Structure formats: structure tokens, C-alpha cells
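Taking it in order: structure first as C-alpha cells, then the write-up.
By convention in this document, chain letters (A, B, ...) are assigned in the order of the sequence lines, proteins followed by strands, and residues within each chain are numbered from 1. Only heavy atoms go into these numbers, but all of them, side chains included; no hydrogens, no water, no symmetry mates. Note that the coordinates shown come from a computational prediction; the quantities given were computed from them, not determined experimentally.
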Amino acid sequence: MRKRILALVDGNNFYVSCERVFNPRLEGQPVVVLSNNDGCAIARSQEAKALGIAMGQPWFQIRHMERKYGLTAFSSNYALYADMSNRMMSILSQFAPAQEVYSIDECFLDLTGLNVDLTAHGHALRDRVKQWIGIPTCVGIGHSKTQAKLANHIAKKRPEWNGVCDLSSLPESTVNELMASIDVGEVWGVGQKLTERLNALGIQTVLDLKRADPKVIQRRFSVVLERTVWELRGIACLRLEDVSPPRQQIISSRSFGRPVTELNELKEAVTAYMSRAAEKLRRQGSIAQALHVHIRTSPFREDRPYYGKGLTIPLITPTDDTRKLVKAALKGLEAIYQPGHDYQKAGVVLMDIQPKDSGQITDMITALEDDKATRVMQMMDAINARMGKTTIRLAGEGVEKAWAMRRGRVSAVSSTRIDDVAEVCAR
DNA sequence: TCTGGGGTCCTAGGACCC
DNA sequence: TCTGGGGTCCTAGGACCC
């Protein structure tokens, strides 16, 4: 059987690169993008990494670097990043017969059977993305997803590769040398806990893991890690998922901009979060038969007792109706709410998700009601799609939204909103 | 003062059944 | 006094990823 050839392409410091496209003065400067609520750094430029800023580091710990080192920070602007991502994925799709969009900033490409110089092909797609949308990328190529991931890591960390590393064209001995020089913790699927356990067994490098006995790994760890061993050896165990399966659960949860104590405000937040989750549910043509609602105080405050609780609620009949889902979620919220706490976060999860048109047997009255509800929801979604999110929403979401998150440093959505384009041009 | 959000998969263990 | 064992289903929690 012919070996597969897979590439992993990803945007370097993707969110930061998106901001730089519309603000070229940030080139060469330390830049971070902050999480929701401007809580912590979730993307860092090379210069920011060089300052020692860690992934996920709280903003309050690094904000002094603004003055000291000229650090620039942005609130996350997901509308912008999603739009840039779509453009990037669309360009990359031209370079391979099959593509799996793996996350907002990376995709796998199936290059099997392509009669080209793979390294040259990698440089060509990299140049195209840079030229057309201004995003720098790196390309890793190998015989499996895990190899492609590893190759991408090499392309990113070692400048001598010029952003493209093709393990599939290298002699086995060279690949092994590279693998011997990389910690096992860099392997896709090996996190902190597994690294510790592997190290305890004397498995320190990627090569050590590649050479481990798959059966022993399966017995002492899991079938997942056994698969990783085969993948490192160039035997592809993971398929390219070019059609994205519908979500099995849909989460909507957020920290508040300030502590919330009143049940009424929590109700507003849960109503808003469930509304967003239900929109996603309908967009993928599904219904949910259970939901989960949770609230908690800040786990970082040592001066107050922690309180967190969640409740899963089964629904008698599965639905995609925002009103029914909100009603159930609020009932759950009332059951877990305790007065006297400073709540910091709330969230909802839609679960037991099924396709809507699965041909379930219902009685005629239920069918008529469902039909009416479907039309109401369709109309709501259509209006919101045209006029902007939350143009029409449930009254329970509230108007003031004093609990809403802080986003003090958000950039303009330069690629999609015409008002913002004007703003960028006026700079 | 200030610490993200959204996912997947696997495993262990309990409940239940025969 | 003796007090099974194996299979299946479900759930909670762990680990990982970006």
C-alpha cells in the first residue's frame, strides 16, 4: 500500500498576525492578544515570547510591560480572526485534493499521489497565503498526521528550514536524528501528565517513543498512545476528516466582567448563553435531548469559600427551540443557585445532540406545535443573520448586561465591517 | 483588583441484568 | 453456613488539543 503524504499548515502566532495585517507598525514589536474579559494572553508575537510572556499568563502580571517594553495588547476579536481564517483555508484548499480544517489557524492537507516536489509545493502555498492575505505560516509534511505535526514543529522552531519541513523525503536516519533531539512532550497527544509518566519509564525523546513497543504502550497507557507510536513510525492511523461531523455537544460559557451576586443577573446571562448555543444547534440542523447549566465563583480567591455547581437536565422531547431550552436551563439555575456568593462564571452545555430530521414518531398535536416553533426560530435566525446578532432576542437576556465581559482593547473588524475599514483608512 | 472558552475521546467504576 | 460471574450500559472525570 502506498504511504500517505499529509501536510499540516498553520498560521504563526495567528491572532497576533491577524492584528498585524491591519496594523503593520506592530511588525517587529511585542504584541499579545488577550482572552475574553482581557483575562490572560492567548497569543504572543515572537518578541512577546522573548520577553518571557507565557501562554495563558494573566494580563495583570504582564501589563507593566506596556510602558517598559512597548508591549501592545489587544482584546480578542473573533469576528476578525474567523474571517481571516476562512480566507486562509480557502487559499490552502487550492493546493490539495482534500483538506481538513482542524482549528481556526491550522489545517491538514492530503498530498498523497501529488506528483510534485513537496518542499517546493510547501513553499508555494506558504508564499501564496503571505502574499494574498499577509499571514505568515509554517508547513510540516509527513506520512501521518502525527508526523506532519512534528514536522510543523520543526519548521517553526528551526529557522534553517525556512518554514517548510518535509520528513517524508528524508532518509530514516535523518528523521531519527531529528526525533532524538526533540522532547517527547512535543508530540501531538502527549501532554504534561503523559510526559511525566513516559519519562519515568525512560522515554525522554520522540525517538524513544517511536521505538517503544506498541503493545506495552497500549497496556500501560492507552490505545490512543499506542496509535501515536504507529503514527510516529509513519503508519497513518488517523484519517483525514474532510467533512466535519456535527458537534456532539455545544458549550457556551463565559466569565463575567464583574462579580455577580443576584439570581436575576445570572438568569440574564444564562438566557443569553443558551440563546447563542441554541443558534449554533440550529445552524448544524440538530436538536438536543439534554442540557447542563453551571455556575461558579472564582477559584483563585483565597479569602472566600469556593462554590461551584452544575446540573444536567434531560428533556422529555428533544428540541432546538430557544424558548424551551432557556426555560429548562433557568429551572436548573434556580436549583443550584445559592445566595451570598460572588459568582464569576456561568455556562450552559447542550448534550445528547441528534439530527433534527431523524424521522421520530410524534403525535399530530406535537408535530403542529413543532412546526410552528421551527418557523418562529427560523425567522429569528434569518433576521439576526441580516440585521446583526441579537437584533431579535428573548427579553430575559436583559438590556444593560452589567455582567457582560470586558473588552477594552478590541481592534476594528477591518476585513468585514465597512465602518471599520473607514476607521483603518483614516489612521 | 485582575487568571479563557470550546471541543474530543477514553477509562474506570457503579448499576443492572441474567 | 454457604453468598457467582460475566456482559452491557451509563456517567463522571481525566487528559488532551487549540
Side-chain angles (χ1 to χ4, degrees), chain A residues 8 10-15 32-44 53-64 73-78 81-82 85 100-108 145-146 149 152-153 184-198 218-228 237-238 241 244-259 273 276-277 280-281 284 289-290 292 294 296-304 306 310-312 314 342 344-353 405-409:
Chain A
L8 181 82
D10 79 337
N12 303 346
N13 318 321
F14 186 68
Y15 296 170
V32 294
V33 173
L34 303 174
S35 64
N36 282 333
N37 259 326
D38 297 344
C40 55
I42 53 170
R44 306 154 294 154
I53 298 173
M55 180 69 176
Q57 192 163 4
W59 171 232
F60 72 89
Q61 289 176 3
I62 54 174
R63 67 180 310 163
H64 66 277
F74 290 96
S75 302
S76 37
N77 183 346
Y78 288 106
Y81 311 147
S85 172
E100 173 187 338
V101 176
Y102 179 68
S103 77
I104 191 163
D105 73 331
E106 65 190 288
C107 70
F108 289 101
K145 284 183 166 181
T146 306
K149 275 278 198 182
N152 181 274
H153 170 83
V184 71
E186 301 294 343
V187 172
W188 190 39
V190 178
Q192 196 183 322
K193 300 279 179 188
L194 282 176
T195 302
E196 285 167 21
R197 288 173 58 197
L198 286 166
Q218 193 259 311
R219 205 176 63 239
R220 302 190 72 136
F221 295 88
S222 68
V223 293
V224 180
L225 196 60
E226 181 197 5
R227 215 154 48 200
T228 300
C237 304
L238 301 168
E241 313 266 356
S244 55
R247 296 264 165 265
Q248 297 175 37
Q249 58 177 33
I250 294 172
I251 300 178
S252 177
S253 82
R254 236 160 231 87
S255 302
F256 303 127
R258 59 156 174 76
Y273 299 167
R276 300 297 87 74
K280 281 194 195 171
L281 183 70
Q284 72 167 29
Q289 191 151 21
H292 182 88
H294 55 93
R296 67 163 168 79
T297 60
S298 170
F300 298 103
R301 292 195 55 159
E302 285 163 5
D303 54 332
R304 286 168 182 272
Y306 174 79
L311 188 64
T312 300
D342 278 351
Q344 186 245 353
K345 184 175 182 176
V348 299
V349 187
L350 292 174
M351 307 184 316
D352 285 3
I353 289 176
M405 66 182 181
R406 296 183 302 268
R407 280 170 97 213
R409 305 159 163 270

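Taking atom CG on N13(A) and atom P on dC18(C), their separation rounds to 14 Å, with Å as the unit. Regarding Q192(A), its CD atom lies at a distance of 10 Å from the P atom of dA15(C), rounded to whole Å. For F300(A) and dT3(B), the CZ to C1' distance is 4 Å, given to the nearest whole Å. One interatomic measurement links the two molecules: CZ of R63(A) to P of dT3(B), which rounds to 12 Å at whole-angstrom precision. dG6(B) atom P lies 16 Å from atom OH of Y81(A), rounded to whole Å. Rounded to whole angstrom, the span from the CD atom of Q61(A) across to the P atom of dT1(B) amounts to 13 Å. For H292(A) and dG7(B), the NE2 to C1' distance is 15 Å, given to the nearest whole Å. Going from atom CD1 of I62(A) over to atom C1' of dT3(B) covers 11 Å, rounded to whole Å.
As judged by a 4.0 angstrom heavy-atom cut-off over every strand, I104(A) is placed among residues making no nucleic acid contact. Contact annotation for L194(A): backbone-only contact, meaning every heavy-atom pair under 4.0 Å involves sugar-phosphate atoms and none involves a base. Counting non-hydrogen atoms under 4.0 angstrom, N37(A) reaches nothing in the nucleic acid. When heavy atoms are screened at a 4.0 angstrom cut-off, E241(A) is found touching no nucleic acid atom at all. Note on S252(A): only backbone sugar-phosphate atoms sit closer than 4.0 angstrom, heavy atoms only; bases stay farther off. V187(A) comes within 4.0 angstrom of the backbone, heavy atoms only, and of no base.
At least one donor-acceptor pair closer than 3.5 Å links the side chain of S85(A) to the backbone N or O of I104(A).
dC9(C) and dG14(B) make up a base pair, with Watson-Crick or G-U wobble contacts both under 3.5 Å.
Using a 4.0 Å cut-off between charged nitrogen and carboxylate oxygen, K149(A) and E106(A) count as a salt-bridge pair.
When distances are taken from the side chain of S222(A) to each of dC10(B), dG5(B), dG4(B), the shortest belongs to dC10(B). For S103(A), taking side-chain heavy atoms from C-beta onward, the closest of the listed nucleotides dC18(C), dC16(C), dG4(B) is dC18(C). When each of dC18(C), dA15(C), dG4(B) is scored by its nearest atom to the side-chain atoms of Y102(A), the top-ranked nucleotide is dC18(C). For W188(A), whose side chain is taken as the heavy atoms from C-beta onward, the closest listed nucleotide among dG7(B), dC2(B), dC17(C) is dC17(C). In the set dA15(C), dG5(B), dC18(C), dG5(B) carries the atom at the smallest distance from any side-chain atom of K345(A). Candidate nucleotides dC2(B), dC10(B), dG4(B) were compared by shortest atom distance to the side chain of Y78(A), and dG4(B) ranks first. You'll find that the side chain of K149(A) is closest to dC17(C), out of dC17(C), dC10(B), dG4(B). With distances taken from any side-chain atom of R227(A) to the nucleotides dG5(B), dC10(B), dT8(B), the minimum falls on dC10(B).
Phosphate proximity of dC9(B) to Q248(A): present, with a side-chain N or O under 4.0 Å from OP1 or OP2. For dT1(B), neither phosphate oxygen OP1 nor OP2 lies less than 4.0 angstrom from any side-chain nitrogen or oxygen of R258(A). Contact between the side-chain N/O atoms of S253(A) and the OP1/OP2 oxygens of dG6(B) is found at a separation under 4.0 Å.
Taking the six-membered ring where tryptophan is involved, the planes of F256(A) and Y273(A) are essentially parallel, since the angle between them stays under 30° and well short of 60°. Aromatic ring orientation, H294(A) versus H292(A): tilted (interplanar angle from 30° to 60°).
Remark: the separation of the C1' atoms in dC17(B) and dG4(C) is 14 Å, to the nearest Å.
Looking at which nucleotide of DNA chain B each of K280(A) and D38(A) is closest to, the 5′-most match is held by D38(A). Each of Q218(A) and R406(A) lies near DNA chain B, and the nucleotide nearest R406(A) is the one positioned closer to the 5' end.
Taking 4.5 Å as the limit, every side-chain heavy atom of Y102(A) sits out of range of all side-chain heavy atoms of D10(A). Here the side chains of P299(A) and Q344(A) are in contact, with some heavy-atom distance below 4.5 Å.
You'll find the ring centres of F300(A) and Y306(A) outside the 6.0 Å limit.
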